[in-house]
Amino acid sequence: MAPMQIEQIPVLSDNYVYLVHDPDSGATAVVDPAVAEPVQDALARHGWTLTHILNTHHHNDHTGGNLALQKATGAVVVGSRQDAQRIPGITVKVGDGDSFLLGSKAAMVMDVPGHTVGHIAYWFPESHALFCGDTLFAMGCGRLFEGSAAQMWASLSKIRSLPDDTAVYCAHEYTQSNARFARTVERDNPDLTARIADIDARRGRGLPTVPSSLGLEKKTNPFLRADVDSVKRGVGLPDEDPPLVFAEIRRRKDAF
Ligand code: ZN
Ligand code: FE
């Protein structure tokens, strides 16, 4: 079986849209098409035919291209069952623990509420790839627009249980500003220091910092580390429970 091919398409000011292609079957998905045209250009460049539109959540910068792409290609639109009325053109409603095939590749659905109530992530275990929308970012996490801190902490903990070699395909290039914030929480984390140097160098050359790996996120992302002593101390809550520590980190980031 040929490995899955993933094409990263930067759109708008800082969004990433992804094409996911299974060479064995020809099946091709787009994840969170903010806009249609750059997706159609990339499909044409590769000679791929769109079969699936996968949405992580309802926000317009993740679904804005749904209807135009659906109309042009007849692709099915997969989205959260809980948020079906807010996903334009939805045809396949999914929820936690569901799985489906993208050609020959299995995709697993995880409910990861917090940024929105119906936020989901798509995990392709054989390909070690996670498409997590606005739940987990490189060194950051999504704002709590609809869910609670406890919900988001539970969602991030669920993601954290996946293997370290999982590539994290998040939906925005927010890494440098997230890094500046992460530094205020953990001043003496050597993995964080090394990572900041690496991403500054990449951005300096105009390169993306996404995808990252879950192993690296576990070592450097303060939002995945609300149960780590240095992070708890870093926000002045050495004896608090992780959901409360997480809430404090999120509150500080909102004001950063
Ligand atoms: Zn969003
Ligand atoms: Fe977004």
Side-chain angles (χ1 to χ4, degrees), residues 6-20 29-39 42 53-69 77-90 93-96 109-123 129-156 158-159 167-179 181 203 208-212 217 221 223-224 246-247 249-251 253-256:
I6 299 173
E7 158 106 4
Q8 183 172 35
I9 311 170
V11 303
L12 308 179
S13 56
D14 51 36
N15 279 73
Y16 289 126
V17 174
Y18 299 99
L19 284 182
V20 181
V30 64
V31 182
D32 284 351
V35 284
E37 220 180 83
V39 175
I53 296 168
L54 309 181
N55 293 127
T56 64
H57 65 296
H58 72 87
H59 286 157
N60 190 56
D61 66 317
H62 299 254
T63 58
N66 274 22
L67 294 180
L69 288 168
V77 178
V78 184
S80 164
R81 186 175 296 125
Q82 285 183 64
D83 245 346
Q85 72 292 348
R86 299 196 288 183
I87 306 286
I90 190 167
K93 299 167 190 171
V94 295
D96 201 46
V109 177
M110 300 165 70
D111 280 347
V112 286
H115 178 68
T116 64
V117 289
H119 202 301
I120 57 177
Y122 298 90
W123 179 41
L130 176 73
F131 297 91
C132 52
D134 289 355
T135 296
L136 175 65
F137 294 126
M139 283 181 273
C141 79
R143 278 177 186 263
L144 304 176
F145 286 122
E146 298 175 9
S148 67
Q151 252 177 345
M152 188 60 135
W153 172 248
S155 296
L156 292 172
K158 209 153 134 188
I159 288 176
V168 177
Y169 292 90
C170 59
H172 292 274
E173 178 66 59
Y174 290 156
T175 314
Q176 268 185 315
S177 69
N178 287 341
F181 173 74
R203 293 309 286 160
T209 63
V210 176
S212 68
E217 294 306 325
N221 186 327
F223 296 98
L224 288 183
F246 172 82
I249 303 169
R250 189 59 259 178
R251 191 192 64 71
K253 176 67 166 67
D254 289 343
F256 183 67

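Atoms within a ligand are numbered from 1 in the order they appear, just like the ligands themselves. For reference, positions follow the sequence shown, starting with 1.
Taking CZ of Phe131 as the reference point, atom SG of Cys170 lies at 11.0 Å (rounded to 0.5 Å). Taking CZ from Phe256 and CG from Asn178, the interatomic distance works out to 9.5 Å, rounded to the nearest 0.5 Å. The distance from the CG atom of Asp111 to the OG atom of Ser80 is 6.0 Å, given to the nearest 0.5 Å.
Few gaps surround CD on Gln8; more than 12 heavy atoms of other groups in view lie less than 6.0 Å from it.
Listed by chain and number, the protein N, O or S atoms at a distance under 2.8 Å from the Zn ion (ligand 1) are His57 NE2, His59 ND1, His115 NE2, Asp134 OD2. The Fe ion (ligand 2) has Asp61 OD2, His62 NE2, Asp134 OD2, His172 NE2 as protein N, O or S atoms under 2.8 Å away.
Under the side-chain hydrogen bond (donor to acceptor under 3.5 Å, both in side chains) test applied with Asp32, the options Thr56, Asn66, Thr63 reduce to a single match, Thr56. Checked against Asp134 for a side-chain hydrogen bond (donor to acceptor under 3.5 Å, both in side chains), the options His119, His115, Arg143 give a single hit: His115.
Residues His172 and His62 bring their aromatic ring centres within 6.0 Å.
Scored by the salt bridge (charged side-chain N to carboxylate O under 4.0 Å, His left out) test, Asp96 finds Lys158 as partners (sequence neighbours excluded). With sequence neighbours left out, Lys93 forms a salt bridge (charged side-chain N to carboxylate O under 4.0 Å, His left out) with no residue at all.
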